[in-house]
Amino acid sequence: MNRRHAAWYFALGILALAPVGLRVLSWSRPEAEELDQAAVNAGKELFVHEWAPNDAIARANGGDGLGPVYNATSCFACHKQGGLGGAGGLEHNVTNFIVASAGRHAAQSVLRQGVVHTDAISPEFLETLTHVDHTLPRISRPTLASLLPPGALEGKGVRHQGRMFELIAKADAPVADAPVPLPDPVEGGQAQANPNQHFNIPEHVHLSQRNTPALFGARLIDEIPDRVIIAQERLERVRFGMAAPQSREVPVGRALRDASGKVGKFGWKGQSSSLLDFVQAACANELGLSNPAHAQPSSIARPEVKAVGLDLTNKQCRDMRDFIASLPQPIERNRDNPHVAEGRQLFTKVGCADCHTPSLGSVDGIYSDLLLHRMGDDLQGQGSYHGGSTPSIPDSPGNGPLADEWRTPPLWGIADSGPYLHDGRATTLKQAIEMHGGQAQASARRFGSLTPVQQIRLITFLESLRAPEVR
Amino acid sequence: MTITFYCTCGQHVSADQADAGRRAICPRCRQPVVVPSMKAPAPVILERPPLSVQTIKPISPFADPEPVSIAVPKSIGYQVVLVDETCSVPIGFPKQGYPLKKEEPVAESRDVDRELEEILGHRQMQRLRRPWYRRPRPQIERNGLECMAYPFRAFGLVSVLAISLTISSLLNLILLFTDFDVLDYGQLFFWGVLGLATFGYLCGFLHCTLQAGATGDAARVRWPGADIRLVLRSVAAVAISFLAGPIVFALAALWFWLQAGELTWLDSLLLWEQGLAAFLLWLLVYTSVLVNDRLSAVSPAGVLDVAVRLGWRLLPIGLSASLIFFVHACWILFVLETRVNEPAAGFMLLLFFWGSFLSCLTFLVRWLGVSWYHRNRQLEATKETPPAASLAPQGQ
């Protein structure tokens, strides 16, 4: 009798669980594609290729080559720190702008947004801040220090026992390149050409910079299924009592969905859902290379001049994607060193690992949840690479990122990717930690309360996360 | 051991426990009555070894002037009503610190009405003064519709529990948002105790509600009072009922929700199915534990036995439980989504959520208990009538 009861009981239970099991079996599991070595080699050629106006490669596709506006002449020009495909220095920062109809943070009323490119194929196309707003100075390559409020680089986040951080010499240093020739002055523009001097930015204009990220291990990130990132988002919500994803206090991230519903994985704002899209957007915006997914931007100095033809074909974009996908995963050196091990424990203890999760899905050592987190009022940056396709709408989780929302950057290879934070305002790792605000404020405070030796241990652990040795 | 209970005519009678479940004849109204197969919460106290025997003189104007001996535990969990056995008129509400002491004679000159009014309050006194035949005698509910009235009878308890649960859940949420480095451990202890006490009494209240229904006890709303052992047993019953099966579906639902990515309508449907399976199974296991009054009743045999015995009655209960589950799950999800942006509205929504959910849960467990009671009476009625014996009016 009891056995029959038990059989019935468990049969009913299995029957109730069966639909979920069947559904799980129907989930698609992405299979890693084998990279074609020929494509990788072709992609590498394109990656290091020095592009020029009317470049032969682009002309073969019917395009105009480099420009008319661009930030660099090759991918390698920026992605070179720690090896081919690495991060870029402060001198390669990209300046984004947003012009709103009212108020700096009124993102719902965005009129224009885009990138102020540092170079152009001819002076008539050269973009300056004056083209963004006539009250801004005629400079095309402002330094980070000139854009931030006075004192912002001194680390307003956390001061530990009255000590301030190291001086930020790099941010204030003049850019290495020679001053660019400026076009005729625009009426009303500030007669100022010193890119280092701070200037007043009108309320309705928002300027921010983006630092060049490293591309190591990008293939592993690309292969992470959306499900895994969404699972991490939900796990963080559960962990903090189902707190809202855009909470200001607790580290609960948000997966950004693009127009097709795919989860963003690349870019400082998580604006690209695939490595291919990221590559295509970068080619268009940084080099002015039109491709099937993204048209090259028109110069804001001559908006009436539109691009004709494609500079890159789909295959060439895929070749570049394959080359970047072939870049190895960053490495963790001295894993067994007791100081590094202690630092790793402290990293978890102070709460860094809440967002910089050591593994995501099947990817170990990524130290990121790839979710957007609110980082506080001091770390704001609006504007999109895509020129207005994803306007930010505050308090609307299903839409574009808020000004203070940033995708958790993977920390693998961080020791070879300075300066840090989205615009490179932190020159040291310690400074970067202390500048964390918003959802990471509590962790930054806990870091500040560690003893100096413990802080050094934690930094030692971070410094063990190195770029792979790529030639 | 003796079982004491009320006949439907109001006669308080006692019977030997060996006669539990058998039919007998009430010594007062001569009608057949089934000796309950398990103890009602109130008699549980009366059955315990008396901690102090008090002889008090009835002070109600309706009562017999002769003193009555009653067993009054020092720590009274249930509100005990002294009953004049001949007419069922409540004559007083003894509690700790009751002024009448053992063998203490009551001076004839005392104004007992005034003393009683001081103890009971004006409203209760007015109620006592009403003729007994005008006072409604609580009857056990006959169906689910009548069970809906039970949460209203327990409105005070439900309200206090809802407020406590709202405060506890908010404090626990605050704990999640608080940096433990700056947390005061005194506060943490206080919040923890408050949360545990609230949960314990919630379990105890549900325990009493179901068991009172299962034994046909309709006299009054039962709750654990100061009986901490009952509270602990109730918590254990709730926890073990959840661990013995429902947890599988709950974990399956949680895991599926975490891993499913963007939810399609099919995924949502599956999530509801798992959540509902967990809730319904928990109700069934919980009923099995309480009506059998032993934790081992969580076994498949015990649960299926309860299900089979309740039979078709489970269908309307299950449908109601599904509706309640669906509405409240949507409600709490809505509360969780809105509380950050609108704290005041979130608080009110949470308060109303707990009030509504507790009321519905009370209704459901009462319905289950009452269904069990009626089903047992039905089954007993089909058996051969045992010889009427050993029933004696209580207190004689």
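Chain letters run A, B, ... following the sequence lines, proteins first, then strands; residues in each count from 1. Values reported hereafter were calculated over all heavy atoms of this structure, with side chains retained and with hydrogens, waters and symmetry mates removed.
The contact between Trp255(B) and chain A is made entirely by side chain atoms (from C-beta outward), counting heavy-atom distances below 4.5 Å. Neither the backbone nor the side chain of Leu269(B) comes within contact range of chain A, judged by heavy atoms closer than 4.5 Å. Heavy atoms closer than 4.5 Å to chain A are found in both the backbone and the side chain of Ala260(B). The contact between Leu266(B) and chain A is made entirely by side chain atoms (from C-beta outward), counting heavy-atom distances below 4.5 Å. The contact between Val303(B) and chain A is made entirely by side chain atoms (from C-beta outward), counting heavy-atom distances below 4.5 Å. For Arg237(A), the part sitting under 4.5 Å from any heavy atom of chain B is the side chain, from C-beta outward, and nothing else.
Tyr9(A) and Leu304(B) get closest at one heavy-atom pair: N-CD1, 4.1 Å. Among all heavy-atom pairs drawn from Pro300(B) and Ala6(A), the shortest one is CB-CA, 3.9 Å. Heavy-atom minimum distance, Leu17(A) versus Val248(B): CD1-CG1, 3.8 Å. Minimum heavy-atom separation, Arg234(A) to Glu262(B): NH2-CA, 4.5 Å.
By the 6.0 Å contact criterion, CH2 on Trp27(A) is enclosed, its count of non-hydrogen atoms from other residues, nucleotides or ligands being greater than 12.
To the nearest 0.5 Å, atom CD1 of residue Ile230(A) and atom CH2 of residue Trp257(B) are 11.0 Å apart. Here Arg227(A) contributes atom CZ and Leu258(B) contributes atom CG; the two are 11.5 Å apart, rounded to the nearest 0.5 Å.
A donor-acceptor pair under 3.5 Å is formed between the side chain of Gln274(B) and the backbone N or O of Ala16(A).
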